[in-house]
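For reference, the structure is listed below as structure tokens.
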Amino acid sequence: MILNNPNDLESLRQNLMAEKAVTKVWVCAGPGCLAKGSRKIYDAFLKEGRELNLEVDYRAGATGCQGFCEKGPLVTIELPGNEPDILYMNVKVKDVSQILEKTVLKGEIIESLLYRDPLTKERCRKKEDIPYYATQKEVVLGHLGHISPLSIDDYIRAGGYAGLAKAISESPEEVVGTVKASGLRGRGGAGFPTGVKWEGALKQPVEDKYVVANGDEGDPGAFMDRALMEGDPHAVIEGLIIGGYAIGAHNGILYVRNEYPLAVEHLRHAIAQAEDYGLLGDDILGSGFGFRLSITRGGGAFVCGESTALMNSIEGLAGVPRVKYIRSTEKGLWEAPAVLNNVESWANIPQILANGSEWFSSMGTEKSAGTKVFSLVGKVKNSGLVEVPMGTTLREIIEVIGGGVANNRKFKAVQSGGPSGGCLPAEKLDSPVDFERLKDAGSMMGSGGLIVMDDHTCMVNVAQYFVDFLVEESCGKCTPCREGLRVMQQIFHDLTSGNARPGDTELLKKVAENVRDTALCGLGKTAANPVLSTMRFFPEEYAEHEQEGFCRAGVCKGLYALEVDPEACTGCGLCMRVCPASAVTGEKKAPHFIDKTKCVTCGSCLDACRFDAIRVVRGGMKND
Amino acid sequence: MKRTQNTIQSVLESYPPEPRYLLALLQDIQEQDHYISVEAMQVVAGYLDVPESRVYSVATFYTALSLVPLGRHVIKVCSGTACHLRGAPVIVEAFEKELGIKNGETTPDRMFTIQTVNCLGACAMAPVVMIDDEVYGKMTAVRVPEIIEGVRASDSE
């Protein structure tokens, strides 16, 4: 079926909305829930639903990430009428028949599957009552959990492609004006105003132009774009079509990270559906505007997240960055102007067009409008995907939404911005999250990974981790990044193995500043950030590693010893079970003991102990 | 050489002979053969009419492509930041010890390859390991021998 004009689209939407309301069971198939076996739960809903002859009044679907990964597998039940949605957590295959018989058939709530507030001990009937969701504002993530990513009809029913219909009723200049007025800034991390970028490309007087979606989400600890591409592919596609119309491009490319095969599958499926409806093709909604989309799979190189490296990669070259004296919006892909935006930026576009720029700029802060999606991970109680208005403080995100530090340990730092970002200590927790103020605090927005660290996290080791990562991922084109990172890696190796020489920290700082000031591309220039920010906020840890060969966090092998505090130990035996070296002994319910000669200082027991009964002490056996 | 050419031919035919499809072609060959052979690189260079050096530069640049054959079961230990904080290095060591090979290597019987990957996107389950299509969340070092045993058993079936 081809939709020949915006009216066709609107009447399709009306028909879809008029369909008989059925109970919908949405099983989360986001990465976290999939890892917990949600596919089997979805299959069980299909099978048992068939056996109960429920096909007429009931529909089961697998959705994108529903956010609260920690409590997965998640299942949302949408009842007909105005009943609020029911969100079930930690669902198992054996719960399926009960959910069908009680909730789907009779509308009864199964209390034991509801979220239980750890403070009030109350079960939460409504999603909004759950503290994890209560402070969030779902704009970009709004569809996840309520539509099937494989159904364009679901997307259209939920208001999809209305932004496109609006856009083609206006001139390209007006569309660019709306995006500019909305204040949307690049969600990939740099925060360049999207409308300004579009304007630059619109002004180019050439036929051949491109729009590109950067889905090469390489920051470790970040999975926002994955969730969007897998869970709401049409939003990204609609954004790209609007962008194409606005700048006058007839081709778009989705560059998707190699490690995300499901995203590729869903996007391919969605492109085919959009073509069937004539939302992609030669004459979109009768506007005369033609636009086609294709997918390029990444090759597993972090540097390809850099815009010019990504464009080289699309052209079938090694993904190394170019010198940027010419903007990509003038000469980007195959020498033609190209607008490259992050997946989350594209996913914001349809709603900005449909709801207007004022709606968008009313959210967030003055200079950073809208919301931002974060993946909240690390040593935090509630890991998952989070969307908040810009300007929300780090404390609200970590303590209210995240529920605080896992295992009730002490908060040490939060890392944002991936390998280009920094680590902020407890005193910076009241910083509002927006592009400028995170930078002022000493970190950066980045693409949206927020990694929480507790007192059993060594800041020298964290910085070393990012340097190790970047040594592997440096493309090698420019000398400061290629050689500077190697020098830093060697110094870090000495610091964390007890072989540091006096002055190593100072030397490390000098090298880091040099790389920052002289590297070619954005990734190289920011490669020193994790090093410099940990040095700035945690100088004592560097000093202890350099001068005493001591790691207070109990992470660096051989630079510490472990003891059990007999007062705090309850004798639960958890440490004994996780010890790979059988170094822990002890009777049940009596204080345990760590044999230092057997201990390999892997820290497994430290992580496992729920009573903070394992102490890090000086006197480690240095290794080479 | 003959066999390589035959199996690669079907991959080639799914793309027009334009240099922009170089990476995609190599990815498909990698998927099919589990590595990129010298012959494959030569055939691809001929098909796209680009220098062999350009094919080699792309084949060696991207980590998704391997010039040596990988094991039948690739153990991907996630070393994203969340997994690293929750003990991924300890998990890598446990696999190395169990299999007697280092990270990045393949066992002599070509059964297992150990790799660390940047982020599997299942951070809430950290530390995460993926073997073939199976994801193991909240991994601990003590579970490693049992998991290897399980994969071995399924392989001999």
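- With values rounded to the nearest 0.5 angstrom, A:F302 atom CZ is found 12.0 Å from B:T63 atom OG1.
- Using a 4.5 Å cut-off between heavy atoms, A:R257 contacts chain B through its side chain alone, with no backbone atom that close.
- Considering only heavy-atom pairs separated by less than 4.5 Å from chain B, the leading option among A:V380, A:V377, A:T457 is A:V377.
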Q: Kindly determine whether A:N461 and B:H84 satisfy side-chain contact (heavy atoms from CB on, under 4.5 Å), including the steps that lead there.
A: CA-CA 10 Å; A:N461 173 275; B:H84 177 80; 2.8 Å; yes
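- With hydrogens and angles left out, the side-chain atoms of B:S79 and A:Y465 include no donor and acceptor closer than 3.5 Å.
- Residue B:A141 touches chain A through its side chain alone, counting heavy-atom pairs closer than 4.5 Å.
- With salt bridges taken as basic N to acidic carboxylate O contacts below 4.0 Å, none links A:D454 and B:R86.
- Atom OH of B:Y15 is surrounded by more than 12 heavy atoms from other residues, nucleotides or ligands within 6.0 Å.
- Looking at A:V303, the atoms closer than 4.5 Å to chain B (heavy atoms on both sides) all sit in the side chain, from C-beta outward.
- Of the listed residues (A:A608, A:A318, A:G221, A:G603), the one with the most heavy-atom contacts under 4.5 Å to chain B is A:A318.
- With a 4.5 angstrom heavy-atom cutoff, A:C304 touches chain B only via side-chain atoms.
- To the nearest 0.5 Å, atom CG of residue B:L85 and atom NZ of residue A:K379 are 6.0 Å apart.
- Within the 4.5 Å cutoff, the side chain of A:F469 has no heavy atoms near those of the B:T81 side chain.
- Using a 4.5 Å cut-off between heavy atoms, A:L34 does not touch chain B at all.
- Between A:A35 and B:M125 the shortest heavy-atom distance is CB-CG, 4.1 Å.
- In this structure, chain B has a heavy atom under 4.5 Å from the side chain of A:E473, while its backbone stays farther away.
- In this structure, the portion of B:L120 lying under 4.5 Å from any heavy atom of chain A is its backbone and not its side chain.
- Under a cut-off of 6.0 angstrom, the local environment of CD in A:E472 is sparse, with at most 12 non-hydrogen atoms contributed by other residues, nucleotides or ligands.
- Taken to the nearest 0.5 Å, the OH atom of B:Y62 stands 3.0 Å off from the OG atom of A:S313.
- Around the CG atom of B:D49, the shell of radius 6.0 Å holds no more than 12 heavy atoms that belong to other residues, nucleotides or ligands.
- Your options are A:G298, A:G32, A:C69, A:G378, and the one with the most heavy-atom pairs under 4.5 Å with chain B is A:G378.
- For the residue pair A:E259/B:N118, the side-chain donor-acceptor check at 3.5 Å is not satisfied.
- B:I91 contributes atom CD1, which lies 7.0 Å from atom OG of A:S604 (distance to the nearest 0.5 angstrom).
- At most 12 heavy atoms of other shown residues, nucleotides or ligands fall within 6.0 angstrom of atom NZ in B:K76.
- For chain A, the nearby part of B:E93 is the side chain; its heavy atoms alone come within less than 4.5 Å.
- Using a 4.5 Å cut-off between heavy atoms, A:A222 contacts chain B through its backbone alone, with no side-chain atom that close.
- The candidate with the highest count of non-hydrogen atom pairs below 4.5 Å against chain B, out of A:V555, A:N258, A:V578, A:L317, is A:L317.
- In this structure, the separation between CZ on B:R20 and OG1 on A:T296 is 7.0 Å, given to the nearest 0.5 Å.
- Separation of atoms SG (B:C123) and CD1 (A:I451) is listed at 7.5 Å; rounding is to 0.5 Å.
- The greatest number of non-hydrogen atom pairs below 4.5 Å with chain B, out of A:R297, A:R226, A:E217, is found for A:R297.
- Of the charged side-chain nitrogens involved, at least one lies within less than 4.0 Å of a carboxylate oxygen, so that B:K138 and A:E70 count as a salt-bridged pair.
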